[in-house]
Amino acid sequence: MGLKELLHYTYIFPLLAVGYYFSGLMGNGIIFDVIAGILLTGSVISAVHHAEVVAHKVGEPFGTIILALCITILEVALIISLMVAGGDQAITLARDTVFAAVMLILNGILGIGILVGGVKYYEQFFARTSATTYLVSIVSILVLTLVLPNFTSSVNGPFYNQAQLIFVSIACLVIYGTFLMVQTVRHRNYFIVPDEHPEENYIPSFQKTMISFVFLVICLAIVVFMAKGLSETIENMVQSIGAPKSLVGVIIAAVVLLPEGLAAIRAARSNQIQSSLNLALGSALASIGLTIPAVSIVCILYDIPLVLGLDKKDIILLSLSVFIVMLSLSRGKTNILYGTVLLVNLAAYIFTVIVP
(Lines give C-alpha, C1' and ligand atoms only; values in the text may rest on other atoms or scores of the structure.)
Protein backbone atom coordinates (compact mmCIF):
# COMPACT_ATOMS: atom_id res chain seq x y z
CA MET A 1 0.00 0.00 0.00
CA GLY A 2 1.26 3.44 -0.94
CA LEU A 3 1.40 6.55 1.23
CA LYS A 4 -1.39 8.16 -0.79
CA GLU A 5 -3.73 5.26 -0.03
CA LEU A 6 -2.87 5.35 3.68
CA LEU A 7 -3.82 9.06 3.74
CA HIS A 8 -7.37 8.15 2.69
CA TYR A 9 -10.08 9.42 5.04
CA THR A 10 -10.93 5.85 6.11
CA TYR A 11 -7.51 5.66 7.79
CA ILE A 12 -7.29 9.28 8.97
CA PHE A 13 -10.66 9.50 10.76
CA PRO A 14 -10.14 6.50 13.09
CA LEU A 15 -6.65 7.67 14.08
CA LEU A 16 -7.89 11.22 14.73
CA ALA A 17 -10.79 9.82 16.76
CA VAL A 18 -8.47 7.68 18.88
CA GLY A 19 -6.18 10.65 19.54
CA TYR A 20 -9.12 12.91 20.38
CA TYR A 21 -10.67 10.36 22.73
CA PHE A 22 -7.45 9.94 24.74
CA SER A 23 -6.77 13.70 24.73
CA GLY A 24 -9.45 14.16 27.38
CA LEU A 25 -11.19 16.98 25.49
CA MET A 26 -14.55 15.19 25.31
CA GLY A 27 -17.12 16.46 27.76
CA ASN A 28 -15.53 19.91 28.13
CA GLY A 29 -18.29 21.73 26.31
CA ILE A 30 -20.72 21.55 23.44
CA ILE A 31 -18.08 22.43 20.81
CA PHE A 32 -15.79 19.60 21.91
CA ASP A 33 -18.72 17.17 21.90
CA VAL A 34 -19.73 18.26 18.40
CA ILE A 35 -16.16 17.58 17.21
CA ALA A 36 -16.37 14.17 18.88
CA GLY A 37 -19.64 13.51 17.07
CA ILE A 38 -18.05 14.37 13.70
CA LEU A 39 -15.08 12.08 14.37
CA LEU A 40 -17.43 9.34 15.53
CA THR A 41 -19.46 9.63 12.30
CA GLY A 42 -16.26 9.51 10.23
CA SER A 43 -15.18 6.39 12.10
CA VAL A 44 -18.54 4.75 11.37
CA ILE A 45 -18.19 5.42 7.64
CA SER A 46 -14.60 4.16 7.76
CA ALA A 47 -15.73 0.96 9.49
CA VAL A 48 -18.15 0.24 6.65
CA HIS A 49 -15.36 0.64 4.09
CA HIS A 50 -12.95 -1.66 5.92
CA ALA A 51 -15.69 -4.25 6.52
CA GLU A 52 -16.37 -4.34 2.79
CA VAL A 53 -12.66 -4.85 2.03
CA VAL A 54 -12.53 -7.81 4.43
CA ALA A 55 -15.80 -9.21 3.03
CA HIS A 56 -14.44 -9.07 -0.53
CA LYS A 57 -11.40 -11.09 0.56
CA VAL A 58 -13.05 -13.82 2.65
CA GLY A 59 -16.28 -14.01 0.63
CA GLU A 60 -19.80 -14.65 1.83
CA PRO A 61 -21.08 -15.47 4.34
CA PHE A 62 -17.82 -15.08 6.30
CA GLY A 63 -17.56 -11.34 5.66
CA THR A 64 -20.93 -10.61 7.26
CA ILE A 65 -20.16 -12.97 10.15
CA ILE A 66 -16.91 -11.10 10.92
CA LEU A 67 -18.68 -7.73 11.06
CA ALA A 68 -21.54 -9.11 13.19
CA LEU A 69 -19.16 -10.71 15.67
CA CYS A 70 -16.94 -7.60 15.92
CA ILE A 71 -19.90 -5.36 16.71
CA THR A 72 -21.39 -7.87 19.16
CA ILE A 73 -18.12 -8.28 21.07
CA LEU A 74 -17.79 -4.51 21.44
CA GLU A 75 -21.47 -4.17 22.38
CA VAL A 76 -20.96 -6.78 25.10
CA ALA A 77 -17.87 -4.95 26.36
CA LEU A 78 -19.82 -1.69 26.58
CA ILE A 79 -22.77 -3.26 28.42
CA ILE A 80 -20.57 -5.14 30.89
CA SER A 81 -18.44 -2.10 31.69
CA LEU A 82 -21.54 0.02 32.35
CA MET A 83 -23.19 -2.73 34.42
CA VAL A 84 -20.15 -3.32 36.63
CA ALA A 85 -19.80 0.44 37.18
CA GLY A 86 -23.51 0.98 37.74
CA GLY A 87 -24.19 -1.96 40.04
CA ASP A 88 -27.83 -2.42 41.03
CA GLN A 89 -28.82 0.71 39.11
CA ALA A 90 -27.92 -1.05 35.85
CA ILE A 91 -29.98 -4.22 36.33
CA THR A 92 -32.13 -3.46 33.26
CA LEU A 93 -29.30 -2.15 31.08
CA ALA A 94 -28.58 -5.42 29.25
CA ARG A 95 -32.25 -6.09 28.57
CA ASP A 96 -32.95 -2.56 27.35
CA THR A 97 -29.85 -2.46 25.13
CA VAL A 98 -30.45 -5.87 23.57
CA PHE A 99 -34.13 -5.10 23.01
CA ALA A 100 -33.29 -1.74 21.45
CA ALA A 101 -30.67 -3.37 19.20
CA VAL A 102 -33.10 -6.08 18.03
CA MET A 103 -35.87 -3.56 17.33
CA LEU A 104 -33.50 -1.23 15.47
CA ILE A 105 -32.13 -4.09 13.37
CA LEU A 106 -35.40 -5.85 12.54
CA ASN A 107 -37.38 -2.68 11.84
CA GLY A 108 -34.78 -0.04 11.05
CA ILE A 109 -31.85 -1.64 9.21
CA LEU A 110 -34.00 -4.28 7.53
CA GLY A 111 -36.78 -1.79 6.77
CA ILE A 112 -34.53 0.85 5.22
CA GLY A 113 -32.65 -1.78 3.21
CA ILE A 114 -35.86 -3.26 1.79
CA LEU A 115 -37.31 0.18 1.08
CA VAL A 116 -34.16 1.50 -0.62
CA GLY A 117 -33.87 -1.65 -2.72
CA GLY A 118 -37.56 -1.59 -3.58
CA VAL A 119 -37.50 2.02 -4.69
CA LYS A 120 -34.54 1.40 -7.01
CA TYR A 121 -35.24 -2.14 -8.28
CA TYR A 122 -38.99 -2.66 -7.57
CA GLU A 123 -38.38 -6.25 -6.42
CA GLN A 124 -35.29 -7.96 -5.03
CA PHE A 125 -34.88 -11.69 -4.64
CA PHE A 126 -33.16 -13.75 -1.95
CA ALA A 127 -33.08 -17.33 -0.68
CA ARG A 128 -36.12 -18.01 1.51
CA THR A 129 -34.22 -20.80 3.24
CA SER A 130 -31.71 -18.27 4.59
CA ALA A 131 -34.43 -16.04 6.08
CA THR A 132 -36.18 -19.05 7.63
CA THR A 133 -32.93 -20.30 9.16
CA TYR A 134 -32.21 -16.89 10.68
CA LEU A 135 -35.74 -16.36 12.01
CA VAL A 136 -36.10 -19.82 13.57
CA SER A 137 -32.96 -19.14 15.63
CA ILE A 138 -33.84 -15.50 16.45
CA VAL A 139 -37.41 -16.22 17.58
CA SER A 140 -36.36 -19.08 19.85
CA ILE A 141 -33.65 -17.01 21.57
CA LEU A 142 -35.92 -13.95 21.87
CA VAL A 143 -38.64 -15.91 23.65
CA LEU A 144 -36.21 -17.73 25.94
CA THR A 145 -34.38 -14.56 26.99
CA LEU A 146 -36.88 -11.68 26.89
CA VAL A 147 -40.33 -13.24 27.33
CA LEU A 148 -40.10 -16.48 29.36
CA PRO A 149 -38.57 -14.82 32.48
CA ASN A 150 -41.92 -13.10 33.10
CA PHE A 151 -43.66 -16.46 33.48
CA THR A 152 -41.25 -18.54 35.59
CA SER A 153 -42.10 -18.92 39.28
CA SER A 154 -38.78 -19.72 40.99
CA VAL A 155 -38.09 -15.99 41.44
CA ASN A 156 -40.67 -13.22 41.64
CA GLY A 157 -40.50 -10.68 38.84
CA PRO A 158 -38.89 -10.73 35.39
CA PHE A 159 -35.81 -12.57 36.65
CA TYR A 160 -34.18 -15.97 36.19
CA ASN A 161 -32.55 -17.69 39.12
CA GLN A 162 -28.93 -18.77 38.70
CA ALA A 163 -29.71 -22.27 37.41
CA GLN A 164 -32.22 -20.93 34.89
CA LEU A 165 -29.78 -18.25 33.78
CA ILE A 166 -27.08 -20.85 33.17
CA PHE A 167 -29.48 -23.08 31.22
CA VAL A 168 -30.74 -20.25 29.01
CA SER A 169 -27.17 -19.06 28.35
CA ILE A 170 -26.15 -22.56 27.25
CA ALA A 171 -29.29 -22.79 25.08
CA CYS A 172 -28.39 -19.50 23.36
CA LEU A 173 -24.85 -20.68 22.65
CA VAL A 174 -26.05 -24.05 21.33
CA ILE A 175 -28.51 -22.39 18.95
CA TYR A 176 -25.99 -19.81 17.75
CA GLY A 177 -23.20 -22.37 17.40
CA THR A 178 -25.41 -24.72 15.39
CA PHE A 179 -26.54 -21.81 13.22
CA LEU A 180 -22.91 -20.91 12.43
CA MET A 181 -22.21 -24.51 11.43
CA VAL A 182 -25.24 -24.47 9.12
CA GLN A 183 -24.28 -21.08 7.67
CA THR A 184 -20.62 -21.82 7.03
CA VAL A 185 -20.42 -25.59 6.45
CA ARG A 186 -23.50 -27.75 5.98
CA HIS A 187 -25.82 -25.34 4.14
CA ARG A 188 -23.60 -22.47 3.09
CA ASN A 189 -25.47 -22.27 -0.24
CA TYR A 190 -28.56 -20.99 1.62
CA PHE A 191 -26.81 -17.68 2.25
CA ILE A 192 -25.13 -17.09 -1.11
CA VAL A 193 -26.57 -15.81 -4.36
CA PRO A 194 -24.53 -16.82 -7.44
CA ASP A 195 -22.63 -13.84 -8.84
CA GLU A 196 -23.77 -12.91 -12.36
CA HIS A 197 -20.56 -10.98 -13.07
CA PRO A 198 -17.71 -12.78 -11.26
CA GLU A 199 -15.11 -11.17 -13.51
CA GLU A 200 -15.99 -7.77 -12.02
CA ASN A 201 -15.25 -8.83 -8.46
CA TYR A 202 -12.43 -7.00 -6.73
CA ILE A 203 -10.29 -9.16 -4.43
CA PRO A 204 -7.89 -7.13 -2.27
CA SER A 205 -4.39 -8.31 -1.40
CA PHE A 206 -3.67 -10.13 1.86
CA GLN A 207 -1.72 -7.13 3.16
CA LYS A 208 -4.56 -4.69 2.47
CA THR A 209 -7.09 -7.11 3.98
CA MET A 210 -5.11 -7.41 7.23
CA ILE A 211 -4.67 -3.63 7.46
CA SER A 212 -8.40 -3.15 6.88
CA PHE A 213 -9.23 -5.78 9.52
CA VAL A 214 -7.06 -3.98 12.08
CA PHE A 215 -8.66 -0.64 11.20
CA LEU A 216 -12.12 -2.25 11.34
CA VAL A 217 -11.49 -3.29 14.94
CA ILE A 218 -10.08 0.19 15.73
CA CYS A 219 -13.12 1.87 14.15
CA LEU A 220 -15.64 -0.29 16.00
CA ALA A 221 -13.80 0.10 19.31
CA ILE A 222 -13.54 3.89 19.08
CA VAL A 223 -17.23 4.14 18.08
CA VAL A 224 -18.20 2.28 21.26
CA PHE A 225 -15.79 4.21 23.50
CA MET A 226 -16.84 7.59 22.10
CA ALA A 227 -20.50 6.64 22.37
CA LYS A 228 -19.88 5.77 26.02
CA GLY A 229 -18.02 9.05 26.50
CA LEU A 230 -20.89 11.01 24.94
CA SER A 231 -23.56 9.11 26.90
CA GLU A 232 -23.71 11.76 29.66
CA THR A 233 -24.13 14.53 27.07
CA ILE A 234 -26.84 12.52 25.33
CA GLU A 235 -28.54 11.83 28.66
CA ASN A 236 -28.58 15.54 29.51
CA MET A 237 -30.02 16.31 26.08
CA VAL A 238 -32.75 13.69 26.54
CA GLN A 239 -33.61 15.06 29.98
CA SER A 240 -33.72 18.62 28.63
CA ILE A 241 -36.53 17.68 26.21
CA GLY A 242 -38.40 15.81 28.94
CA ALA A 243 -38.00 12.34 27.41
CA PRO A 244 -37.57 9.17 29.54
CA LYS A 245 -34.06 7.98 30.35
CA SER A 246 -34.67 4.75 28.40
CA LEU A 247 -34.28 6.79 25.20
CA VAL A 248 -30.54 7.03 25.97
CA GLY A 249 -30.21 3.27 25.47
CA VAL A 250 -31.91 3.52 22.09
CA ILE A 251 -29.55 6.29 20.97
CA ILE A 252 -26.44 4.43 22.15
CA ALA A 253 -27.61 1.22 20.45
CA ALA A 254 -28.22 3.16 17.23
CA VAL A 255 -24.69 4.58 17.29
CA VAL A 256 -23.13 1.15 17.91
CA LEU A 257 -25.17 -0.39 15.06
CA LEU A 258 -24.40 2.37 12.56
CA PRO A 259 -21.48 0.60 10.82
CA GLU A 260 -23.46 -2.56 10.19
CA GLY A 261 -26.59 -0.60 9.32
CA LEU A 262 -24.82 1.46 6.67
CA ALA A 263 -23.16 -1.64 5.22
CA ALA A 264 -26.53 -3.43 4.97
CA ILE A 265 -28.23 -0.43 3.34
CA ARG A 266 -25.39 -0.01 0.85
CA ALA A 267 -25.63 -3.70 -0.05
CA ALA A 268 -29.37 -3.39 -0.70
CA ARG A 269 -28.81 -0.28 -2.82
CA SER A 270 -26.27 -2.25 -4.88
CA ASN A 271 -28.90 -4.95 -5.50
CA GLN A 272 -27.21 -7.36 -3.08
CA ILE A 273 -30.26 -7.96 -0.90
CA GLN A 274 -28.96 -11.37 0.25
CA SER A 275 -25.85 -9.74 1.73
CA SER A 276 -28.05 -7.05 3.27
CA LEU A 277 -30.24 -9.67 4.94
CA ASN A 278 -27.18 -11.60 6.10
CA LEU A 279 -25.84 -8.44 7.76
CA ALA A 280 -29.11 -7.41 9.40
CA LEU A 281 -30.42 -10.78 10.59
CA GLY A 282 -26.94 -12.08 11.42
CA SER A 283 -26.35 -9.02 13.58
CA ALA A 284 -29.67 -9.51 15.40
CA LEU A 285 -28.90 -13.17 16.08
CA ALA A 286 -25.34 -12.50 17.25
CA SER A 287 -26.44 -9.53 19.35
CA ILE A 288 -28.89 -11.48 21.47
CA GLY A 289 -27.37 -14.96 21.17
CA LEU A 290 -23.95 -13.89 22.46
CA THR A 291 -24.75 -10.85 24.59
CA ILE A 292 -27.09 -12.58 27.04
CA PRO A 293 -24.66 -15.46 27.89
CA ALA A 294 -21.75 -13.03 28.33
CA VAL A 295 -23.74 -10.67 30.53
CA SER A 296 -25.15 -13.61 32.51
CA ILE A 297 -21.64 -14.81 33.39
CA VAL A 298 -20.68 -11.35 34.64
CA CYS A 299 -23.87 -11.01 36.68
CA ILE A 300 -23.33 -14.41 38.29
CA LEU A 301 -19.68 -13.63 39.11
CA TYR A 302 -20.41 -10.14 40.49
CA ASP A 303 -23.76 -11.11 42.04
CA ILE A 304 -25.59 -8.42 40.04
CA PRO A 305 -29.35 -8.94 39.64
CA LEU A 306 -30.31 -9.14 35.96
CA VAL A 307 -33.76 -8.16 34.72
CA LEU A 308 -34.48 -9.90 31.41
CA GLY A 309 -38.27 -10.03 31.00
CA LEU A 310 -39.89 -7.28 28.93
CA ASP A 311 -43.05 -5.48 29.99
CA LYS A 312 -46.35 -6.09 28.16
CA LYS A 313 -46.00 -3.12 25.82
CA ASP A 314 -42.54 -4.18 24.66
CA ILE A 315 -43.62 -7.82 24.23
CA ILE A 316 -46.44 -6.66 21.93
CA LEU A 317 -44.09 -4.48 19.88
CA LEU A 318 -41.49 -7.27 19.67
CA SER A 319 -44.13 -9.80 18.60
CA LEU A 320 -45.48 -7.42 15.96
CA SER A 321 -41.98 -6.79 14.59
CA VAL A 322 -41.05 -10.48 14.40
CA PHE A 323 -44.41 -11.36 12.82
CA ILE A 324 -44.11 -8.67 10.14
CA VAL A 325 -40.51 -9.68 9.36
CA MET A 326 -41.58 -13.33 9.01
CA LEU A 327 -44.38 -12.38 6.60
CA SER A 328 -42.14 -9.97 4.66
CA LEU A 329 -39.44 -12.59 4.09
CA SER A 330 -41.72 -15.57 3.48
CA ARG A 331 -41.87 -15.25 -0.34
CA GLY A 332 -38.21 -14.74 -1.19
CA LYS A 333 -38.73 -11.29 -2.70
CA THR A 334 -39.20 -7.77 -1.37
CA ASN A 335 -41.03 -4.57 -2.29
CA ILE A 336 -41.44 -1.08 -0.85
CA LEU A 337 -44.52 -1.98 1.23
CA TYR A 338 -42.58 -4.37 3.45
CA GLY A 339 -39.93 -1.75 4.13
CA THR A 340 -42.53 0.95 4.82
CA VAL A 341 -44.43 -1.19 7.34
CA LEU A 342 -41.23 -2.10 9.18
CA LEU A 343 -40.23 1.56 9.43
CA VAL A 344 -43.69 2.41 10.80
CA ASN A 345 -43.13 -0.28 13.45
CA LEU A 346 -39.80 1.35 14.28
CA ALA A 347 -41.47 4.75 14.58
CA ALA A 348 -44.10 3.25 16.91
CA TYR A 349 -41.35 1.74 19.09
CA ILE A 350 -39.37 4.98 19.37
CA PHE A 351 -42.54 7.03 19.91
CA THR A 352 -43.68 4.78 22.76
CA VAL A 353 -40.22 5.04 24.34
CA ILE A 354 -40.56 8.84 24.33
CA VAL A 355 -44.29 8.83 25.17
CA PRO A 356 -44.79 5.57 27.11
Side-chain angles (χ1 to χ4, degrees), residues 10 44-68 70-71 104-135 138 182-184 187-204 208-209 212 216 257-286 321 324-346:
T10 56
V44 167
I45 298 172
S46 302
V48 174
H49 167 79
H50 293 300
E52 289 177 345
V53 172
V54 174
H56 278 300
K57 182 66 175 180
V58 301
E60 287 295 336
F62 298 102
T64 55
I65 291 173
I66 289 172
L67 183 55
C70 284
I71 288 179
L104 289 171
I105 293 167
L106 293 183
N107 295 302
I109 296 176
L110 204 58
I112 294 173
I114 291 174
L115 182 61
V116 167
V119 168
K120 189 171 183 179
Y121 301 103
Y122 289 87
E123 288 184 334
Q124 291 180 297
F125 299 87
F126 59 91
R128 284 185 297 174
T129 46
S130 67
T132 301
T133 307
Y134 276 118
L135 291 172
I138 290 171
V182 168
Q183 187 182 25
T184 59
H187 301 287
R188 186 181 173 189
N189 59 301
Y190 287 3
F191 306 88
I192 303 174
V193 174
D195 195 342
E196 296 179 357
H197 306 286
E199 69 280 357
E200 297 177 4
N201 283 349
Y202 162 68
I203 300 178
K208 184 172 183 179
T209 302
S212 285
L216 172 61
L257 290 171
L258 263 179
E260 194 145 29
L262 289 177
I265 294 165
R266 287 180 63 175
R269 193 171 182 273
S270 301
N271 205 20
Q272 298 173 343
I273 191 64
Q274 185 67 62
S275 294
S276 181
L277 291 178
N278 289 347
L279 280 163
L281 296 178
S283 177
L285 180 57
S321 300
I324 296 300
V325 169
M326 292 174 69
L327 290 177
S328 300
L329 303 182
S330 64
R331 300 177 62 221
K333 58 182 179 180
T334 65
N335 61 55
I336 60 171
L337 177 62
Y338 302 156
T340 302
V341 173
L342 287 172
L343 290 176
V344 170
N345 289 347
L346 176 66

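Just so you know, these numbers use all the heavy atoms, side chains as well, and skip hydrogens, waters and symmetry mates.
- Between the CD1 atom in Ile265 and the CG atom in Leu279 there is a gap of 10.5 Å [rounded to 0.5 Å].
- Here Tyr338 pairs with nothing under the ring pair (Phe, Tyr, Trp, His ring centres under 6.0 Å) rule; sequence neighbours left out.
- Leu216 and Ala47 get closest at one heavy-atom pair: CD1-O, 3.5 Å.
- Between Leu277 and Leu110, some side-chain heavy-atom pair lies under the 4.5 Å cut-off.
- Checking side-chain atoms of Gln124 against main-chain N and O of Ala268 turns up a donor-acceptor pair under 3.5 Å.
- In this structure, Thr334 and Phe126 have side chains that are in contact, with non-hydrogen atoms separated by less than 4.5 Å.
- For Leu346 against Gly108, the heavy-atom pair with the smallest separation is CD2-CA, 3.6 Å.
- Among all heavy-atom pairs drawn from Val341 and Ile324, the shortest one is CG1-CG2, 3.8 Å.
- What you find for Ala284 and Leu106 is that their closest heavy atoms are CB-CD2, 4.4 Å.
- Annotation for Val53 and Ser212: closest pair CG1-OG, 3.4 Å, computed over non-hydrogen atoms.
- Heavy atoms of other residues, nucleotides or ligands lying less than 6.0 angstrom from CG of Leu343 number more than 12.
- No side-chain donor-acceptor contact under 3.5 Å links Thr10 to the backbone of Ser46.
- Residues Pro204 and Lys208 come closest through the heavy atom pair CB-CD, 4.3 Å.
- Put simply, the residue from Ile114, Leu115, Leu337 that forms a side chain to side chain contact (heavy atoms under 4.5 Å, CB included) with Leu342 is Ile114.
- Side chains of Ser321 and Asn345: a donor-acceptor N/O pair is absent below 3.5 angstrom, by distance only.
- Side-chain contact check for Thr133 versus Phe191: some heavy-atom pair is nearer than 4.5 Å.
- Between atom OG1 of residue Thr209 and atom NE2 of residue His50 there is a gap of 12.0 Å, rounded to the nearest 0.5 Å.
- Residue pairs satisfying the salt bridge (charged side-chain N to carboxylate O under 4.0 Å, His left out) criterion with at least one member in residues 107-121, sequence neighbours excluded, are absent.
- The main-chain N or O of Arg269 is found under 3.5 Å from a side-chain atom of Tyr121 such that the two form a donor-acceptor pair.
- The side-chain heavy atoms of Leu329 and Leu281, taken from C-beta on, include a pair separated by under 4.5 Å.
- Taken to the nearest 0.5 Å, the OG1 atom of Thr340 stands 11.5 Å off from the CD1 atom of Ile112.
- The distance from the CD atom of Glu260 to the CG atom of Leu104 is 12.5 Å, given to the nearest 0.5 Å.
- Rounding to the nearest 0.5 angstrom, the gap separating the NE2 atom in His187 from the OG atom in Ser130 is 13.0 Å.
- Proximity of Leu257 to Ser283: side-chain heavy atoms (C-beta onward) are separated by under 4.5 Å at one or more points.
- When atom types are taken as modelled, the side chain of Ser330 and the backbone of Leu327 share a donor-acceptor pair closer than 3.5 angstrom.
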